[in-house]
Amino acid sequence: MSEKKTSVTVTIGGDEYSLRSDRSEDYTRAVAAHVDRALSEVRALGNIVESQKAAILTALAITDELFQVKAADLDLQQRIRRLTDDLARFVPPQKRQTPPH
């Protein structure tokens with residue numbers, strides 16, 4: 001992360017927001033676009049008139065994505081550890097390094 005804050009104007013749900021971030025403009029725009037798409041998907045599912053309810057449902061959908069990615073990452077880490085342990089058996093003992101766990 002850079003220490004310089006940038007200001008970026010984005011549109012989410014038809015409303016403009018001026019965001020200050022220490023991330024790049026492209027990154028901030030991509031994050032805002034993701035939120036806007038998720039909000040549009042939530043609104044397309046039904047007759048959600050209240051913007052607060054739509055925002056909460058959107059936050060839940062994005063949080064679900066995050067949790068799924070974290071679970072998949074943890075699963076991948078565990079699989080890599082098991083494979084590393086399995087492969088270590090084929091390396092002569094004097095050349096083995098103890099992997100950090």
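FYI, the numbering just counts along the sequence from 1.
With side-chain heavy atoms closer than 4.5 Å counting as contact, directly or through intermediates, the hydrophobic cluster containing I80 also holds L76. In this structure, L45 stands alone, with no Ile, Leu, Val, Met, Phe, Trp or Tyr side-chain heavy atom under 4.5 Å from its own, directly or through other members. Through direct or relayed side-chain contacts under 4.5 Å between Ile, Leu, Val, Met, Phe, Trp and Tyr, V31 connects to Y27.
Criterion: ILVMFWY side-chain heavy atoms under 4.5 Å apart, direct or through other members. Under it, L60 and I62 are not part of a common hydrophobic cluster.
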May I have the list of side-chain donor-acceptor pairs in residues 66-74 shorter than 3.5 Å, sequence neighbours left out?
{"unit_1": "Q68", "atom_1": "NE2", "unit_2": "D64", "atom_2": "OD1", "d": "3.2"}
{"unit_1": "Q68", "atom_1": "NE2", "unit_2": "D64", "atom_2": "OD2", "d": "2.8"}
{"unit_1": "D73", "atom_1": "OD2", "unit_2": "Q77", "atom_2": "NE2", "d": "2.9"}

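For the atom pair CZ of R81 and CG of D85, the computed distance is 9.0 Å after rounding to the nearest 0.5 Å. Residue T63 holds its OG1 atom at 11.5 Å from CD1 of I56, rounded to the nearest 0.5 Å. With values rounded to the nearest 0.5 angstrom, D86 atom CG is found 12.5 Å from R79 atom CZ.
The stretch residues 43-59 participates, sequence neighbours left out, in these salt bridge (Lys or Arg N to Asp or Glu O under 4.0 Å) pairs: E50-K53.
Applying the side-chain contact (heavy atoms from CB on, under 4.5 Å) criterion to T28, with sequence neighbours excluded, gives V8, L19, S21, R23. For the salt bridge (charged side-chain N to carboxylate O under 4.0 Å, His left out) test, no residue two or more places apart in sequence or in another chain qualifies with E41. Applying the side-chain contact (heavy atoms from CB on, under 4.5 Å) test to T11 and every residue at least two apart in sequence or in another chain returns E16. The side-chain contact (heavy atoms from CB on, under 4.5 Å) check on I12 picks up V10, Y17, A32, V35, D36, L39, with sequence neighbours excluded. Applying the side-chain contact (heavy atoms from CB on, under 4.5 Å) rule to R20 yields the partners K5, S7; only residues at least two apart in sequence or on another chain are considered.
Of all the heavy atoms in A38 and T58, the pair that sits closest is CB-CG2, 3.7 Å.
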